[in-house]
Structures are given as C-alpha cells and as structure tokens.
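Some notes on the structure that comes next.
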Amino acid sequence: MATVLIAYYSRKGENYWDGQIVSLAKGNTEIIAAMIQKTIGGDLFEIDTVKSYPEDYTACTKVAQEELRKNARPKLKKYLESMDAYDTIFVGYPNWWGTCPMAVFTFLEHYNLTGKRIIPFCTNEGSDMGSSEQDLKKVCKGADIMKGLPIRGYKAVQSENIVAHWARKFM
C-alpha cells in the first residue's frame, strides 16, 4: 500500500515559457510530478477539470484570473475514492495569479486532510510559490503544510537533480 500520493494539475499546450508563448506537449508540472514519482515512488493522480480551459494562453489566464476573483471551485472529472492510504501528499500546480489554480483547491477541499503532510511544488516563470503555501494552510485544515519547491517552468526538464534531492528530504 502506497503512503505517498503525488497529485498535480498541469497545463499542456500554450504556456508562457522563458519570456515567450510556446506549445508544450506535456505540462511543466506534470514533468516535475513524474520526477518525484521516479525518485520516491508513490501514486500519481492528475487533477483535471470537467470544463477545459481555453487553448489560447492569454484567454486561459483571463479565465484563471476570473476564477480567482470569484474564489471559484471548478468541477473535476474524478476524485480518488479515499485518501486513507496516504499520509504524505505532494501537491503540484502552475502558479496562476500568485497561487494554485482553483481546481487544486476543489480537489483538496473534497477530503479530510487532518493529520496528512502536504508538500507543495509549483512551476512558475518568476513568481516562485506566491501565496500558495499560505492559501494551502487555509484550505487543508488539520494538515501539516511543508515548505514548497518552486521550479521555473522552462527549466522543468533539466531539474531532475534538484527535484530528487528535495523530494528525498521528506522520506
């Protein structure tokens, strides 16, 4: 039975990447999540919304900003049946407007996380963790929120050593 879960939200397609808009076959956060699993094992779970975000990067950022302004909770395609098997939960996301995408909060609020250890990681293009660690403390009542790892999105594919070193500290 796994005690580690790596839950993540990631965006494929158009992304802001090292000062320009590029199309990514695999989202930066998904890349980091896979590196964590390769290093320490555990179960991967992709957080995915029922309603897709716009393909166009700029349009997507506008939707994300509106969700943040409304403190929205987008509907998700699926959930885990239970969190009982997990005591350590790595939570990954791109930094959208200084915090987690609202879908990450939808996912986390679905569960009783009391006594769980939440370890955030995020991809960004210069905003680091933003306020996401503090925001996670508000959403994950009773959980222990660890210091997160911010990774510049355009450096995701070359960050395996950094990610592995960081992830091993929690095991």
Side-chain angles (χ1 to χ4, degrees), residues 2-13 15-19 22 24-49 53 57 60-61 64 67-68 76 80 83 85-111 113-171:
T3 61
V4 175
L5 174 67
I6 305 149
Y8 67 94
Y9 176 83
S10 193
R11 178 173 165 81
K12 301 172 186 75
N15 276 268
Y16 185 75
W17 197 83
D18 197 23
V22 299
L24 303 176
K26 184 181 273 191
N28 296 318
T29 308
E30 182 179 1
I31 290 167
I32 301 300
M35 289 175 182
I36 294 169
Q37 185 186 42
K38 179 181 173 186
T39 301
I40 61 167
D43 295 336
L44 275 178
F45 181 85
E46 182 177 11
I47 300 167
D48 196 9
T49 55
Y53 288 95
Y57 174 78
C60 178
T61 64
E67 285 181 351
L68 177 62
L76 303 182
L80 294 166
M83 283 280 192
Y86 305 107
D87 54 21
T88 299
I89 304 164
F90 286 83
V91 177
Y93 46 89
N95 184 326
W96 282 6
W97 297 104
T99 192
C100 306
M102 297 295 101
V104 172
F105 296 133
T106 301
F107 176 76
L108 294 170
E109 288 174 343
H110 186 77
Y111 304 100
L113 300 171
T114 302
K116 308 285 185 190
R117 184 168 57 155
I118 307 294
I119 307 167
F121 62 98
C122 82
T123 55
N124 67 86
E125 287 302 322
S127 50
D128 290 327
M129 298 298 291
S131 65
S132 65
E133 291 163 310
Q134 293 76 29
D135 297 337
L136 288 168
K137 288 178 183 177
K138 295 173 191 171
V139 169
C140 302
K141 304 284 187 218
D144 192 11
I145 310 298
M146 305 281 97
K147 177 85 175 122
L149 176 68
I151 295 282
R152 295 290 291 259
Y154 76 95
K155 293 183 177 180
V157 295
Q158 56 200 4
S159 297
E160 191 161 3
N161 289 339
I162 292 165
V163 171
H165 176 76
W166 171 78
R168 281 189 199 106
K169 292 190 309 186
F170 297 103
M171 303 321 293

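Note that this is a predicted model, so its numbers are computed, not measured.
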> With sequence neighbours left out, which residue pairs that include part of residues 92-102 fulfil the salt bridge (Lys or Arg N to Asp or Glu O under 4.0 Å) condition?
Replying inline: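 For residues 92-102, and leaving out neighbouring residues, there are no salt bridge (Lys or Arg N to Asp or Glu O under 4.0 Å) pairs at all.
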
Hey, could you give me the [atom1]/[atom2] distance between [X] and [Y], rounded to the nearest 0.5 Å?
X: Y53; Y: R11; atom1: OH; atom2: CZ; result: 9.5 Å
X: F90; Y: I118; atom1: CZ; atom2: CD1; result: 10.5 Å
X: I151; Y: I32; atom1: CD1; atom2: CD1; result: 5.0 Å

Quick one, [X] and [Y] - any side-chain contact, counting heavy atoms below 4.5 Å?
X: W97; Y: S127; value: no
X: Y9; Y: E46; value: no
X: Y93; Y: T123; value: no
X: M102; Y: L68; value: yes

> Do you know which two heavy atoms are closest between M129 and G148, and how far apart they sit?
Replying inline: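 For M129 versus G148, the nearest heavy atoms are CE-CA, 3.7 Å.
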
>> Let's go through H110 and M83 carefully: what are the C-alpha distance in whole Å and the side-chain angles of both, what is the deciding distance for side chain to side chain contact (heavy atoms under 4.5 Å, CB included) to 0.1 Å, and is it a yes or a no?
In response: CA-CA 10 Å; H110 186 77; M83 283 280 192; over 6 Å; no

> T88 and side chain to side chain contact (heavy atoms under 4.5 Å, CB included): which partner among I119, I6, T3?
Replying inline: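 Option passing the side chain to side chain contact (heavy atoms under 4.5 Å, CB included) with T88: I119.
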
> Do the ring centers of F107 and F45 come within less than 6.0 Å of each other?
Replying inline: yes

>> Taking the ring centre of each residue, are Y57 and W17 less than 6.0 Å apart?
In response: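 Distance test on ring centres: not under 6.0 Å, no.
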
>> Using side chain to side chain contact (heavy atoms under 4.5 Å, CB included), reason through N95 and S132 one step at a time and then give a plain yes or no.
In response: CA-CA 8 Å; N95 184 326; S132 65; 5.6 Å; no

